[in-house]
Amino acid sequence: MGIFSSFNINSSGLTAQRYRMDIISQNLANANTTRADGSPYRRKVVVFEEKNSQTPFSRVLNKATDRYSGTGVKVSSVQEDNWTDMIEVYDPSHPDADENGYVTYPNVNVVTEMTNLIDANRAYEANATAFNASKSMAMKGLEMGGQ
């Protein structure tokens with residue numbers, strides 16, 4: 001793997017985690033939105049996949065003689081969270097309350113979103129650190145070559 005490959009891998013990680021933080025921020029901003037296109041806001045989740053992978057991970061892992069074939073990460077999709085239940089709160093005075101007085105709030109848990117935000121931030125920092133380490137190695141190589 002060349003030095004420029006590591007730059008590409010780290011920059012794809014930086015971009016993916018920044019996008020993930022944007023989606024988490026959108027979820028937090030809409031945590032109390034009871035009317036988004038006629039229904040409550042649904043939490044969104046970012047799905048990553050290996051970028052430009054031609055073979056499944058297990059095949060790559062099992063071939064000890066193969067060179068590294070992945071070239072980073074990419075966002076494959078942003079999905080709505082349909083597996084978590086919406087939050088029902090009794091508030092008959094709310095304009096979006098149903099006939100029984102319950103309001104359906106988004107399935108956004110602020111604690112979960114903040115935990116995911118910290119995780120994305122740490123992953124972003126790790127990619128930035130790895131990028132800077134690669135950059136330092138490249139600079140050291142240039143310095144050695146110039147002597």
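- The structure places CD of E125 at 10.5 Å from CD1 of I118, a figure rounded to the nearest 0.5 Å.
- Judged purely by distance below 3.5 Å, without hydrogens or angles, the side chains of T34 and D96 pair a donor atom with an acceptor atom.
- Cluster membership for Y19 and Y124, using ILVMFWY side-chain heavy atoms within less than 4.5 angstrom, is not shared.
- Residues I9 and L14 do not share a hydrophobic cluster, defined by chaining ILVMFWY side chains whose heavy atoms lie under 4.5 Å apart.
- Counting only distance, with no hydrogens or angles, the side chain of S12 and the backbone of K74 share no donor-acceptor pair below 3.5 Å.
- No continuous path of ILVMFWY side-chain contacts below 4.5 Å connects V108 to V89, so the two sit in separate hydrophobic clusters.
- Taking OG1 of T112 as the start and CG of D119 as the end, the distance is 12.0 Å to the nearest 0.5 Å.
- A distance-only check finds no donor-acceptor pair linking the side chain of N100 to the backbone of Y102 [under 3.5 Å].
- Counting only distance, with no hydrogens or angles, the side chain of N121 and the backbone of L117 share no donor-acceptor pair below 3.5 Å.
- Looking at V45 and R43, their side chains come closer than 4.5 Å, going by heavy atoms from C-beta outward.
- For the pair S6/M137, no side-chain contact is recorded, criterion being any heavy-atom separation below 4.5 Å from C-beta on.
- Residues R20 and N116 meet the side-chain proximity criterion, which asks for heavy atoms closer than 4.5 Å.
- Side-chain atoms of D81 never come within 3.5 Å of backbone atoms of N107 as a donor-acceptor pair (strictly under, hydrogens ignored).
- Scanning for side-chain hydrogen bond (donor to acceptor under 3.5 Å, both in side chains) contacts around Y41 gives N27, with sequence neighbours left out.
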Chi angles and distances behind the side-chain contact (heavy atoms from CB on, under 4.5 Å) call for L28, M114: CA-CA 8 Å; L28 287 169; M114 290 304 294; 3.7 Å; yes
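- M86 and P40 make their closest contact through CE-CB, 3.4 Å (heavy atoms, listed as atom of the first residue, atom of the second, distance).
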